[in-house]
Amino acid sequence: MSFRILLDEIRSNLLQIVKRLQIPEIPFTLEPAKSGFGDVTCNIAFLASKHLKKSPYDIAKLISDEYQKNLGKLVSKVEPHQSGYLNFYANNAPLNRLIITAAKDDNYGAIDIGKKSKVIVEHTSVNPNKALHIGHVRNVVIGDTVARILAKANHYVVVLNYVDDSGLQVADIIVGFKHLGFSETPPGGQKFDHYCGDEVYVKTTEQYAQDKSLEETRNNILKELEDGSSEIAKFGKSITNRVLAEQLKTCWRLGAYYDCLNFESEIVRSHLWPEIFEKLKQMNLIKYETEGKNAGCWVILSKDEDKVLVRSNGTATYIAKDIPYAAWKLGLVDDPFYYKKYTVQKNHKVLWQTTLEKNNDPKQHFRSNMVVTVIDSRQARLQNIITDLISKFDSSQKSYLHLGYESVTLSADTANALGIDTKGKNTQMSGRKGLYINADSVLDMLEQKTMDETRKRNPSLSDEHLHDIANKVAVATLRYEMIKQDLDKIITFDYSKSLSLEGDTAPYIQYAYARAVRILEKAQTKPDFDASYELLDGEYETNLVKLIGRFDLNIQDAANNLSPKVIAKYCYSLAVTFNAFYEHVKVLDSENTNTINARLCLVHSFKSCLEGALDLLGIETPARM
RNA sequence: GGGCCGGUAGCUCAGCAUGGAUAGAGUGCUGGACUUCUAAUCCAGUGGUCAAGGGAUCGAAGCCCUUCUGGCCCGCCA
């Protein structure tokens, strides 16, 4: 129930008119109009002008005259524009009623694109040897938001977090603990993931330059990690579990939740790889090189450069670990895993983890023929090779989609603040070099900043209440910064610019929400939705109603294009439109109680709609701020 | 050298998929609005050869081609 009904009505009437006027069938578009050009606009006259050899305006005039004879329920006027567009003006009273009563519904905006089909979204997947930095946050937020949007579009969404607990980076910190004497207990109660990343990892990798034998040590550790029963593997497991637990705290703090943790070490030990390796050989998708630079290796035959899968010493490369995982996600191989409960998350959802040990927990089904993997676009080449290989591996309707995004860089000023001179240029972060900004520290800074601001405005609120607000605003600010731009734009993080609370930011949007709540609180009565909706006839009121009505159109766009920014833009325009309404229309001041009630209904529906839209971004809505 | 992505206002970005009206926001700068439903707000002004050139089209920021420019990727690392 929304603006869509208006579009549907117009489309159906237009189709009849087109038939009557014997205009050839043309796939015209109908869309919400730019302001100043009515409510709905149609390009049919442009398209028809080629066939009819008449000017677009003449055709628009013809159609509009015909339409004018029977306007239907929701249209009050049709006008041909000099430019050739056909513009429709809505009949506000019935449209107001339709939209405002629909928008108060909890599930307002939901659409059925997915038909309950299962889709896997994998995101986060941070190596468990360090804390999340702001680059990882972009991944988490994109993945979490896409998952929420797909769920709203009626997909059954399963969220996976892949834990690379047997890779080089884990071996690095084991070198630190076992050979460089780093304590397993962080000093001064430091968070364990921060300690491992900021201290152990950075300082260990520094040592490689001075002591070449350490690399040999690391390579031995790497081999031992693959054998689950080794002492090193057990030690590694205990360390990575501790890091993972802390990383998850950060993710939960950001409002991201998961269904299952998949461990690379278990993929390795599950023997999925030999099975797939054999199949790839049989299908001639890979080749054993006998000469050239890759002599002795198994390589993937690819359009551009061949990629080594198995080294001449017989060990598998990184990509050879990713292929079985991709195949597993798509359900192309038998599921070798059992599942056990890792924990119950704050959102009350159980978080599962894979295990190779038999247990009594019920079997889970975290695989699907539609898989979205969120990984930054630097890995596009490898992801393409995997996608390509998988499509040849199984020709049935499988969709393995790499959702790529550009990286987060540091501004010159911010890099400077970390003690690095970049000669005025932005710079890529580097975990190895310690050149990054941890997610927790940004959230802490934002929380402090918000706390001060909120206390100033609400001196009577308790500390606990202030903390709750500050927390919600801080998380929202960071999430919004990470999502409001398109995925192919680099985000430059800057201490002064990225922490702003004004303008096109989450606090601006949350503030509009708090204003709406306040009006409803101060009202003498609750809104009665059997209201005199014709009284909402000012432009500030109708603009707001119509924008609320477009929620589902935006969800459709966002879901079809896996474009989370669409929802961010929508939330922002809702807030802008509400703020204009707020400044110009006094809800509680009218003498007419019917007007007050109708406006209260509008405010209520706005609040409800914005809450639903922000929820898709994982942003919570404090009632005061 | 090859591949992928970006280039729109001083700065950060929408708009491009599906060509059509007056190219929009934020920020910055200038000025204005709080005894009022919270000024994390609002209003007004300022600011554009849509990187350049060519092509197809009645019509291009958008489509095609070329060039310039910035970023990333191209290991028997992950």
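Convention: sequence-line order gives letters A, B, ...; per-chain numbering from 1.
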When you check the phosphate oxygens OP1 and OP2 of B/rC42, does a side-chain N or O of A/Y508 lie under 4.0 Å from one of them?
yes
Once you apply a heavy-atom cut-off of 4.0 Å, does A/A568 come out as touching a base, just sugar-phosphate, or nothing?
nothing
Can we call the ring centroids of A/F578 and A/F581 under 6.0 Å apart?
yes
Going by modelled atom types, is there a donor-acceptor pair between the base of B/rA78 and the side chain of A/N127 at under 3.5 Å?
no
Less than 3.5 Å between a donor and an acceptor, one on the side chain of A/S377 and one on the base of B/rC4, is that the case here?
no
What pairs of residues pass the side chain to side chain donor-acceptor pair (under 3.5 Å) test when at least one of them lies in residues 216-226 of chain A, not counting sequence neighbours?
A/D172-A/R218
Examine B/rC13: is either OP1 or OP2 under 4.0 Å from a nitrogen or oxygen in the side chain of A/Q485? Give yes or no.
yes
Regarding A/K456 and A/D452, does a basic nitrogen lie under 4.0 Å from an acidic carboxylate oxygen?
no
Please classify the nucleic acid contact of A/N579 as base, sugar-phosphate, or nothing, using heavy-atom distances under 4.0 Å.
sugar-phosphate
Could you check how far CZ of A/F28 sits from P of B/rG19, rounded to whole Å?
16 Å
Rounded distance in Å between the P positions of B/rA60 and B/rG55
12 Å
Using OP1 and OP2 only, check whether a side-chain N or O of A/R515 sits under 4.0 Å from B/rU38.
no
Got a list of side-chain donor-acceptor pairs under 3.5 Å for residues 601-608 of chain A, not counting sequence neighbours?
unit_1, atom_1, unit_2, atom_2, d
A/S605, OG, A/I100, O, 2.6
A/S605, OG, A/C601, O, 3.4
A/S608, OG, A/A103, O, 3.1

Identify whether any heavy atom of A/L588 sits under 4.0 Å from a base atom; if not, whether one sits that close to sugar-phosphate; answer base, sugar-phosphate or nothing.
base
Atom-pair distance (CG on A/N561; C1' on B/rG15), nearest Å:
14 Å
Give me the distance, rounded to whole Å, that separates B/rC63 from B/rA21 when you measure between the P atoms they each carry.
15 Å
Phosphate OP1/OP2 of B/rC77: any A/R311 side-chain N/O under 4.0 Å
yes
Centres of the A/F37 and A/Y85 rings: under 6.0 Å?
no
Does A/T41 get its side chain close enough to the base of B/rA21, under 3.5 Å, for a donor-acceptor pair?
yes
Under 4.0 Å from OP1 or OP2 of B/rU38: is there any side-chain N or O of A/K522 that close?
yes
Are the aromatic rings of A/Y572 and A/Y508 close, with centres under 6.0 Å apart?
yes
Roughly how many Å apart are B/rU8 and B/rA51, using the C1' atom of each and rounding to a whole number?
10 Å
Distance below 4.0 Å between A/R218 side-chain N/O and B/rC77 OP1 or OP2
no
How would you label the contact of A/N313 with the nucleic acid (heavy atoms, under 4.0 Å): base, sugar-phosphate, or nothing?
nothing
Side chain of A/Y511, heavy atoms from C-beta onward: which of B/rU38, B/rC76, B/rG71 has the nearest atom to it?
B/rU38
Would you tabulate the nitrogen or oxygen pairs shorter than 3.5 Å linking the protein to nucleotides 23-33 of chain B?
unit_1, atom_1, unit_2, atom_2, d
B/rG26, O2', A/D504, N, 3.4

